[in-house]
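Contents: one structure, followed by commentary.
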Protein chains: 2
Amino acid sequence: MPATIRDVARASGVHISTVSRTFSAPHLVNPETRVRVLACAEDLGYRPNRAARALITGRTHNIGLIVADIANPFFPPLIKAAEGQARHRDYHVFVADTNEDPVAEEDLVHAMAKQVDGVLLCSPRMSNSLIEQVSREVPVVVINRQVAGLPCVMMDVGQGARAAIEHLLALGHRRIALLGGPRGSWTAREMRRAATAAARGGGAELTVLGPNQPTETGGSALAEQVRRSGVTAVLAYNDLMAIGLIEGLDALGSRVPHDVSVVGVDDIALSRLTRPKLTTVATPTAAAGRTAVDMLLQLDSDAPRGARGRGAATGDRRTTAQVMLQTELVVRDSTGPVPAPGRDGTGA
Amino acid sequence: MPATIRDVARASGVHISTVSRTFSAPHLVNPETRVRVLACAEDLGYRPNRAARALITGRTHNIGLIVADIANPFFPPLIKAAEGQARHRDYHVFVADTNEDPVAEEDLVHAMAKQVDGVLLCSPRMSNSLIEQVSREVPVVVINRQVAGLPCVMMDVGQGARAAIEHLLALGHRRIALLGGPRGSWTAREMRRAATAAARGGGAELTVLGPNQPTETGGSALAEQVRRSGVTAVLAYNDLMAIGLIEGLDALGSRVPHDVSVVGVDDIALSRLTRPKLTTVATPTAAAGRTAVDMLLQLDSDAPRGARGRGAATGDRRTTAQVMLQTELVVRDSTGPVPAPGRDGTGA
DNA sequence: CAGTCGGTTGCAAAGGTTTGCAGCCGAAGA
DNA sequence: TCTTCGGCTGCAAACCTTTGCAACCGACTG
């Protein structure tokens, strides 16, 4: 039903190649012809078929962005930043949500593969080897994970976790819990490693609870367990869990930060709205989004896909930068000095 | 670089059509041949090029979902529901965000047009005529707006607004403000119409403030104005604005619901977390997402695009259902009886 | 033995573009 | 008058698949 280039050609009495050029290289066609073609196109409601165009140019001017959970407020700023950056470069962003499911994730990469010029894999739950494999089908930039040989942009949650633990140590806490993130999360592993080291270094005992769903519900579900464990402070995988935990504790009658201190990660907008305001590790999400887009676009301007074998040096895409972005501890109201012992805890 | 069907054919010593059938109609190819072809394909890392496939089948098995602001917690449940429904039907969903910008919106429809089998336009800011126009390029289902001749799924915010106003009237409020939504929003117009009528019917005075950005910031920015206007109750375009307003008022020393009552719309998860918990009009977002996907898929199973002119009755897509989903007022803690006059307000 | 049939495969057209190359035309230069 | 050249346009191949049609094979039927 929709008009094709052929219809326009027929209507305006020129060859299809002229119509094509009218749209993709207007300076090559006579102004008179051009207006005539444009008029006919307008008339027929013609729009170049981007799939067909992509087939031959190897360029869709779209990029895919795959996230673990679009409902997590952590992602929107990243998405927005990526979109903004992409728009500057005349690209569009298609977002897809995996529901924290590694299988859906792989599925989506394949679904997007030929509809986009590259994919941003944000907080992937797939295995590294799978990521490597799909990256042979479509250019990939990985966010929030380190994969050898692939371009990555990471946030230094290790340093963030360390800062958080040190903050808690300074407040006198010696029994600390870590609310682990979801299975398959690189961030979760990094946090665990760093937090464990920092706690040991400070003579504290760190209990790891998890893996868990990195959601509010996931956090509140742990309240009981946290309470029983007798810790006086908690570092949560992310703000959502921290907030959930605080509510859960509240429901159990434990007050934050009076009875137990809680630190989150991400610094989502919401963390400034809750009572108490959340102490958290701020991650540079917007910068990550921008950087990732730049790296992706750089990547496939180096290696034009589908183009008829340019002789030049393709294949050596070992220029794979790996960028580590800094994090920062933001102290607000959900952390405080360790409570005097013996009052309530199951310990002592 | 990535292997094509031809490479696989060469490697396994069969014609490309056999390779094609191995993937798209396995029962038509000899099991022995099949395993050989599959082995070769696996070996070369071959994946059918979905763009090329779509070009000829006219089916991508993707659907596009365009939303006004992905950072608004109103959307994720809708997105998730749409994804779930799509997955059941063996479809994938690509989401795009317009930043409340009508131009970006049109842009995105075109960008998606040939990469998806249809588009869900959620809370569009475009004009009706533009929507009608793009709907000639790609099948469209409109959410949160009524467009003649197009399939639409709407939420009855008119009824919701009426219920909210009546709730406020019952609490004794007679001076009420409506925080208007963004320009171009059908929902905003419906609310305004219904709220105005309901207020008039109840002998109350309704002040309309706006249009505004439908965000928390948009809400808090209006606090001063609301205060000056001397109203005792406010109906906000959505929960985000309501929450922003409550904060803004708080900063100015007005307490909710003691000094002023606030009602939101959407019933986002956050509205249960704030203090006070928000009275709001719950909208059936998940149902809307599911319904819209069903309607879209129905739509283009009726009218197969790109297929070589099936003789049957195409063209009569005037089966365009329009669905109106019910809303429901949820009374929580942000509304209360009108304060005794003369204490603080600028009135009296 | 001719004909039929089911199962498998090859052939080639089709889908809508882009693009290198060649050709055309008229004007400028020699 | 003959080249040369620039500006514009047409031709056809290419991108990667899918799919209707025809051909083939062996076996069975009558």
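Computation of the quantities below employed the complete heavy-atom set of this structure, encompassing side-chain atoms and omitting hydrogens, waters and symmetry-equivalent molecules.
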Worksheet item: Does B/Leu121 reach the side chain of B/Met126, with side-chain heavy atoms less than 4.5 Å apart?
Response: yes

Practice prompt. Answer yes or no: is there a side-chain heavy-atom contact under 4.5 Å between B/Val95 and A/Asp97?
Written response: no

Worksheet item: Taking only side-chain nitrogens and oxygens of B/Ser20, does any of them come within less than 4.0 Å of OP1 or OP2 of D/dT18?
Response: yes

Worksheet item: Any side-chain heavy-atom pair from A/Phe75 and A/Thr285 closer than 4.5 angstrom?
Response: no

Fill in: Length of the CD-C1' vector between B/Glu32 and C/dG7, whole Å
13 Å

Fill in: Euclidean distance, atom CZ of residue B/Arg36 to atom P of C/dT8 [Å, nearest integer]
14 Å

Worksheet item: Which sits closer to the 5' end of DNA chain C, B/Ala52 or B/Thr18, going by the nucleotide each is nearest to?
Response: B/Thr18

Discussion item. Quick check for you: among D/dC11, C/dT9, C/dG16, whose closest atom lies nearest to any side-chain atom of A/Arg6?
Written reply: C/dG16

Practice prompt. Could you tell me the separation between the CG atom of B/Leu44 and the P atom of D/dC16, rounded to a whole number of Å?
Written response: 14 Å

Discussion item. Looking only at the side chain of A/Leu55 (C-beta and beyond, no hydrogens), which of the listed nucleotides C/dG16, D/dT17, C/dT19 gets closest?
Written reply: C/dG16

Discussion item. As a test of reading the structure: which of D/dC11, D/dT17, C/dG16 is closest to the side chain of B/Tyr46, going by heavy atoms?
Written reply: D/dT17

Worksheet item: So what does A/Arg47 touch, heavy atoms closer than 4.0 Å: a base, only the sugar-phosphate, or nothing?
Response: sugar-phosphate

Worksheet item: Does the side chain of B/Asp117 come within less than 4.5 Å of B/Pro139's, by heavy atoms?
Response: no

Worksheet entry | Terminal axes of the helix from C/dC1-D/dG30 to C/dA30-D/dT1 (five pairs each): angle between them, nearest 10 degrees | 60°

Discussion item. Rounded to whole Å, how long is the line connecting atom CZ of A/Phe23 with atom P of C/dT17?
Written reply: 9 Å

Discussion item. Can you measure B/Arg59 atom CZ to C/dG15 atom P for me and round it to whole angstrom units?
Written reply: 16 Å

Worksheet item: From the list D/dT9, D/dA14, D/dT17, which nucleotide is the closest neighbour of the side chain of A/Ile56?
Response: D/dA14

Discussion item. Please check this pair: side chain of A/Arg36 against backbone of A/Ser12, looking for a donor-acceptor N/O pair closer than 3.5 Å.
Written reply: yes

Worksheet item: What nucleotide, of C/dG10, D/dT17, C/dT17, holds the atom closest to the side chain of B/Ile16?
Response: D/dT17

Worksheet entry | N/O donor-acceptor pair, side chain B/Arg53 with base C/dG15, under 3.5 angstrom | no

Discussion item. For a 4.5 angstrom cut-off between non-hydrogen side-chain atoms, does A/Pro124 reach A/Glu105?
Written reply: yes

Fill in: Candidates C/dA12, C/dT19, C/dT17 - which lies nearest the side chain of A/Ile5
C/dT17

Fill in: Separation of C/dG6 C1' from B/Leu28 CG (nearest whole Å)
12 Å

Worksheet item: Under 4.0 Å between a side-chain N or O of A/Thr57 and OP1 or OP2 of C/dT17?
Response: no

Discussion item. Counting C-beta onward and ignoring hydrogens, is there a side-chain heavy-atom pair between B/Arg89 and B/Asp294 closer than 4.5 Å?
Written reply: yes

Worksheet item: What integer distance in Å separates A/Arg21:CZ from C/dT19:P?
Response: 10 Å

Discussion item. Side chain of B/Thr33 only, heavy atoms from C-beta on: which candidate in C/dT8, D/dT9, D/dC11 is closest?
Written reply: C/dT8

Discussion item. Looking at C/dA12, I'd like to know if its phosphate oxygens (OP1 or OP2) sit under 4.0 Å from a side-chain N or O belonging to B/Ser17.
Written reply: no

Worksheet item: Can you tell me how far P of C/dA12 sits from NE2 of B/His15, to the nearest Å?
Response: 8 Å

Discussion item. Does any part of the side chain of A/Gln115, heavy atoms only, come nearer than 4.5 Å to the side chain of A/Asn62, both counted from C-beta?
Written reply: no

Practice prompt. Decide yes or no, distance alone: a donor-acceptor N/O pair under 3.5 angstrom between the base of C/dG16 and the side-chain of A/Arg50.
Written response: no

